Number of protein chains: 2
Amino acid sequence: MTKTANKTRRAQPREVRREQLIQATIKCIARHGLSGVTMGRVTREAGLSMGIANLHFESKEKLLLETLKLVTEEYAAGQTEILTSGDYPSTAARIEALLAFDFNQNVADKNKLAVWFAFLGEAKSRPTYQRICSRQDSLAEEKITALFQLALDEAGDKKADAGLLAAGYIALVDGLWLNSLVDPRRLPWKKALRAARQFLASALPQHISLPPG
Amino acid sequence: MTKTANKTRRAQPREVRREQLIQATIKCIARHGLSGVTMGRVTREAGLSMGIANLHFESKEKLLLETLKLVTEEYAAGQTEILTSGDYPSTAARIEALLAFDFNQNVADKNKLAVWFAFLGEAKSRPTYQRICSRQDSLAEEKITALFQLALDEAGDKKADAGLLAAGYIALVDGLWLNSLVDPRRLPWKKALRAARQFLASALPQHISLPPG
DNA sequence: CAGCGCTGAATGAACAGTCATTCAGTGGTT
DNA sequence: AACCACTGAATGACTGTTCATTCAGCGCTG
């Protein structure tokens with residue numbers, strides 16, 4: 001009969017709780033680093049009790065894996081959309097869309113990038129992380145290679161190698177994200193985008209031009 | 001074999017022990033990830049007793065910081081040598097040297113890269129790591145910008161921006177290292193080098209040519 | 001044999017995971 | 001509509017474990 005008023009405890013469907021906990025995990029990783037994530041911090045961030053994370057995910061490890069998976073798949077889905085959609089009028093437009101996507105603040109959200117790089121830092125020694133990170137990357141690389149090959153063909157460029165260009169673009173985006181994340185003052189977001197654009201402009205001058213727009 | 005085996009434990013000067021422990025730490029980070037590093041593992045790897053790491057470094061945190069510092073400074077020293085030495089006959093030769101340096105297996109040793117990225121993954125939430133990683137990077141970026149500016153001037157290129165080119169090159173190298181480390185099968189070392197060369201060849205065609213050599 | 005570099009068992013703090021208990025919500029009964 | 005019985009989601013004190021750090025003593029070495 002006592003009023004437990006201020007904290008109404010309400011049952012929620014499994015999926016709602018899981019989502020809540022994953023979002024809290026993303027914030028915790030961004031704020032404290034992967035090694036600073038504890039079950040206590042995650043559940044406090046979510047405004048729930050200690051035990052609940054183990055109720056909905058079996059263990060801390062599984063919660064972390066689900067978090068990585070969510071971030072990875074979200075990115076891959078958006079990228080695949082651009083690379084396979086039939087809606088682009090030209091190769092140039094598709095490449096522009098890819099660039100805009102990679103430097104869209106909603107996609108490349110600071111917290112999610114922090115999650116991504118936190119896991120990559122540990123990936124070398126954790127095959128499970130490695131697998132999740134690599135899985136869709138291979139597929140993406142193939143598609144980007146095909147896209148750049150098309151552009152090179154259209155331009156009549158017989159010297160440049162599309163595979164190297166794709167590997168370079170992917171690595172460049174990773175590197176720009178990373179540098180921008182670690183020290184945003186040295187590499188502001190806008191400068192990162194312009195650096196990527198200049199890369200594409202010098203490799204594919206007939207498709208991408210220097211001044212944005 | 002004596003009682004404590006053929007590895008006779010002998011008193012060593014402070015610097016020798018510190019170096020030994022840092023090398024062991026590098027191996028442990030590469031093998032187990034930053035979160036998998038324990039004092040027990042480090043000292044076992046070094047063939048010494050548990051307490052010794054706290055004797056020569058005050059704490060685990062300080063041992064890790066010294067390790068990061070060593071790796072960072074080693075790289076910065078080599079790079080600075082190339083960027084400031086008077087020994088290069090041409091701008092092109094200096095750029096070639098920079099490229100060769102960045103993809104020299106001894107410099108970009110797998111274990112040291114693993115250390116570098118392990119710390120970067122945590123850097124966003126640890127100002128101390130961030131400072132160490134960024135410190136010399138700013139200086140390097142300035143020097144690389146100057147080098148590329150010189151090359152652009154020599155080529156009469158008035159469109160490309162040397163600052164963006166430098167930021168791009170630095171990010172590209174980071175990204176290629178990272179991708180190659182996480183999944184060497186998808187991005188073998190040689191392919192990474194060729195991707196970097198193609199980047200420079202397309203931005204500075206008069207200085208760097210496509211076929212290696 | 002004195003002093004110093006080193007050892008490793010001991011200590012306590014932090015943490016993941018468990019589980020007995022609580023209670024909001026639901027459906028059945030009158 | 002009011003009451004009650006029941007369910008299982010949610011809680012948080014508790015447990016066992018892992019790990020950094022300490023320190024009393026050991027054995028080289030000069």
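Within every chain, numbering begins at 1; the chains are lettered A, B, ... in the order of the sequence lines, protein sequences first and strands thereafter. From a predicted model like this one, the values you see are computed outputs, not experimental measurements. Computed over heavy atoms, backbone and side chain alike; hydrogens, waters and symmetry mates excluded.
As a whole-Å value, the separation of B:Leu64 CG from D:dC19 C1' is 14 Å. In this structure, A:Ile52 places its CD1 atom 11 Å from P of D:dG12, rounding to the nearest Å. Counting to the nearest Å, the P atom of C:dA14 and the CZ atom of A:Arg41 are 12 Å from each other. In this structure, B:Phe57 places its CZ atom 13 Å from P of D:dT21, rounding to the nearest Å. Between A:Arg14 atom CZ and D:dA10 atom P there is a gap of 10 Å when expressed in whole angstrom units. The nearest whole Å value for the distance from the CE atom in A:Met50 to the P atom in D:dA13 is 10 Å. Look at CG on B:Leu21: it is 15 Å from C1' on D:dA20, rounded to the nearest Å. Here the P atom of nucleotide C:dT7 and the CZ atom of B:Arg44 are 14 Å apart, to the nearest Å.
In the displayed structure, B:Lys143 atom NZ is contacted under 6.0 Å by more than 12 heavy atoms of other residues, nucleotides or ligands.
Nearest to the side chain of B:Ser49, among C:dC15, C:dG8, D:dA10, sits C:dG8.
Using a 4.0 Å heavy-atom cutoff across all strands shown, A:Met39 reaches sugar-phosphate atoms only and no base atom. If you check every strand for non-hydrogen atoms under 4.0 Å, A:Val37 touches sugar and phosphate atoms only.
Remark on DNA chain C: of its neighbouring residues A:Glu58 and B:Leu55, the 5'-side contact belongs to B:Leu55, judged by nearest-heavy-atom nucleotide.
At the phosphate of C:dG5, neither OP1 nor OP2 sits under 4.0 Å from any side-chain N or O atom of B:His56. Between D:dA10 and A:Arg17, a contact under 4.0 Å exists linking OP1 or OP2 to a side-chain N or O. Contact check, A:Asn54 against C:dG17: a side-chain N or O comes under 4.0 Å of OP1 or OP2.
For B:Tyr75 and B:Phe101, the distance between ring centers is under 6.0 angstrom.
Aromatic ring pairs are classed by plane angle as parallel below 30°, tilted from 30° to 60° and perpendicular above 60°; the pair A:Phe117 and A:Trp177 is perpendicular.
Here CZ of B:Arg186 is found 6.5 Å from CD1 of A:Ile170. Values are rounded to the nearest 0.5 Å.
We find that B:Lys69 and B:Glu73 are not joined by a salt bridge, their nearest charged nitrogen and carboxylate oxygen being 4.0 Å or further apart.
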